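Just so it is clear, the model here is predicted, and its values are computed rather than measured. Scope of the values below: all heavy atoms of this structure, side chains included, with no hydrogens, waters or symmetry mates.
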Amino acid sequence: MASQGIQMPSSCEVPDIPCGLRVFRTLPYAFILIELILGCWVWILVAATRVTISINNGWVMYVSVSCFLFSLILLMVYVSGLHRNNCGTWRIVDVIYHGIAAIFYLSAAVLVVNSAIICNVTLSQSLLPYYTVCTLVNYRLLAAASVFAFVTSLIYMLHSFQSYVR
């Protein structure tokens with residue numbers, strides 16, 4: 001008797017990942033649009049500030065730009081239906097990507113808060129002749145960027161958790 005082994009189906013459909021415009025109506029995948037908008041705000045606000053600590057701003061810009069681009073690519077894959085070719089891996093890719101992005105955004109949010117605190121300390125101690133980078137506008141932009149970065153990391157965490165549970 002010859003063993004037939006495990007046969008994979010020629011075509012399999014993924015019932016839990018929608019395609020087309022249904023992506024925007026399904027809960028964990030509708031978060032991608034919110035992630036893009038909030039991530040774009042973090043990107044804009046950090047780009048509008050003057051550089052207080054270059055390594056902090058560099059990491060925040062890297063995280064916000066790369067997560068924006070990867071989320072946009074993932075959204076285009078879901079909307080176009082390219083994820084239907086390989087049924088098992090896209091759900092795993094979605095969970096792992098959003099988990100890593102949540103950790104990266106959380107670290108970026110902490111670094112933005114660090115820059116805002118340093119800017120606030122230089123403003124309150126009247127060290128402006130020595131640190132001309134920190135102004136009140138720069139401090140407010142960093143504070144707003146930190147709020148958006150924490151909210152964005154929360155949305156990424158929710159997306160990863162709900163994709164995992166589903």
Nearest-0.5 Å distance, CD1 of residue I37 to OG1 of residue T152: 10.5 Å

Rounded distance [0.5 Å steps], CG in N120 versus OH in Y139: 4.0 Å

Closest non-hydrogen atom pair between C40 and F68, with its separation: CB-CE1, 4.1 Å

Within 6.0 Å of OH in Y97, more than 12 heavy atoms from elsewhere: yes

Side chains of Q162 and F31 in contact at under 4.5 Å (non-hydrogen atoms): yes

Chi angles and distances behind the side-chain contact (heavy atoms from CB on, under 4.5 Å) call for H98, L158: CA-CA 9 Å; H98 283 94; L158 286 173; over 6 Å; no

Nearest-0.5 Å distance, SG of residue C67 to CZ of residue F70: 8.0 Å

Minimum heavy-atom distance between A108 and V60, given as atom pair plus value: O-CG2, 3.4 Å

Same apolar cluster (I L V M F W Y, side chains within < 4.5 Å links), V147/I44: no

Reference residue M76; test side chain to side chain contact (heavy atoms under 4.5 Å, CB included); the match among L74, L72, I73: L72

Shortest non-hydrogen contact from F148 toward L45: CD1-CD1, 3.6 Å

Closest non-hydrogen atom pair, I32 against S71: CG2-O, 3.7 Å

Common cluster, I96/I103, ILVMFWY with side-chain heavy-atom separation under 4.5 Å: no

Hydrophobic cluster identity match, Y164 and I92, side-chain contacts under 4.5 Å: no

Mutual orientation of the aromatic rings belonging to W59 and F104 [parallel < 30°, tilted 30-60°, perpendicular > 60°]: perpendicular

CG-CD distance between L75 and E35, expressed to the nearest 0.5 angstrom: 9.5 Å

From S146 atom OG to F150 atom CZ, the distance as rounded to the nearest 0.5 Å: 7.0 Å

Where V42 and A145 come nearest, the two heavy atoms and their spacing: CG2-O, 4.1 Å

Atom CH2 of W41: over 12 foreign heavy atoms under 6.0 Å: no

CG-CG distance between L141 and L136, expressed to the nearest 0.5 angstrom: 10.0 Å

Stepwise side-chain contact (heavy atoms from CB on, under 4.5 Å) test for F161 and V95: CA-CA 7 Å; F161 179 72; V95 170; over 6 Å; no

